[in-house]
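When a ligand or atom number is given, it counts from 1 through the structure's own listing order. Only heavy atoms go into these numbers, but all of them, side chains included; no hydrogens, no water, no symmetry mates.
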Amino acid sequence: MRFASIGSGSEGNGLLVEAGATRVLIDCGFGARDAATRVRRLGVDPDTIAAILVTHEHADHAGGVAAFSAKHQIPVWATFGTLHVMGERFAALDVFGFDSHDTFTVGDLCVQPFPVPHDAREPVQFVIGDGAHRVGVLTDIGNTTPYVEQTLSGCDALVLECNHDPGMLAGSDYPFPLKQRIAGRYGHLDNDGAATLLGAIDRSRLQHVIAAHLSRQNNTPEKARAALAAALDCAPEWIGVADQASGFDWRSL
Ligand SMILES: [Zn+2]
Ligand SMILES: [Zn+2]
């Protein structure tokens with residue numbers, strides 16, 4: 001099993017996860033041509049993607065889904081709430097709705113969605129497994145919950161939101177309502193929140209931790225790495241960072 005990012009941040013997200021003959025793309029926040037270029041950069045032919053799994057309707061996750069799905073004939077999976085919001089934009093696609101608590105399979109991959117507090121209609125994140133290993137993905141969450149901690153416990157790899165440094169956000173020139181939204185309970189997880197989450201879960205199987213969805217203005221890779229490394233008691237260099245331009249390269253389990 002392996003996974004890689006085609007880009008991560010407020011301007012677009014996409015994560016490839018692969019096991020056996022199956023590969024899926026979680027979110028597509030890039031235009032169809034840009035997404036295809038990014039996918040090919042990781043050695044993948046877009047036509048071979050078995051499904052696009054959508055976490056929620058925000059443009060940095062769902063903005064490119066319809067065009068990429070249509071161009072490469074890829075089925076789309078999304079919660080009923082997300083499908084409701086996307087409405088006509090997904091109408092012509094091969095779409096599967098799912099309940100945010102129900103596990104389903106796509107080829108060789110087992111997909112476990114779980115609900116998260118975020119300001120979207122029915123947002124989820126995913127734990128994806130192949131029977132031997134589990135990759136947990138958590139971005140776009142305002143605050144963690146006991147259920148989220150339970151779901152991410154025992155994962156072999158985590159892609160974890162480190163959206164902002166609280167001090168940098170507070171001191172930034174963002175309008176006050178935007179600061180409130182980002183730092184709020186339905187906004188985004190900051191470095192300290194991500195570190196606290198890491199400290200609360202079963203980390204015994206962890207082989208990879210990647211900080212993701214970093215704010216360009218209100219965070220730095222160094223600050224995100226330092227926060228997560230402190231929680232794990234590891235060297236900062238061990239923590240991966242997904243960036244907006246190039247995501248991160250394949251990680252294997
Ligand atoms: Zn986002
Ligand atoms: Zn979002």
- Query: Any chance the side chains of T82 and T79 put a donor and an acceptor closer than 3.5 Å?
  - Reply: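 Their side chains do contain a donor-acceptor pair, which is all the 3.5 Å distance test asks for.
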- Query: Regarding S215 and N163, is there a side-chain donor-to-acceptor distance under 3.5 Å anywhere?
  - Reply: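 There is no such pair (donor and acceptor under 3.5 Å, judged by atom type) between the side chains of S215 and N163.
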- Item | N-O pairing of D156 and R205 below 4.0 Å |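 R205 and D156: salt-bridged.
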- Over-ring placement of R38 relative to F30, 6.0 Å and 45° cut-offs: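 That pair qualifies as a cation-pi contact.
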- Near the Zn ion (ligand 2), meaning under 2.8 Å, how many protein N/O/S atoms are there?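 Atoms of protein N, O or S type lying less than 2.8 Å from the Zn ion (ligand 2) total 4.
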- What orientation do H208 and F3 show, parallel under 30°, tilted 30 to 60°, or perpendicular over 60°?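 Correct class here is perpendicular.
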Pairs of donor and acceptor atoms involving the side chains of residues 98-110, under 3.5 Å and at least two apart or interchain, shall be tabulated with distances.
{"unit_1": "D99", "atom_1": "OD1", "unit_2": "H101", "atom_2": "N", "d": "2.8"}
{"unit_1": "S100", "atom_1": "OG", "unit_2": "E122", "atom_2": "OE2", "d": "3.3"}
{"unit_1": "D108", "atom_1": "OD2", "unit_2": "A21", "atom_2": "N", "d": "3.2"}

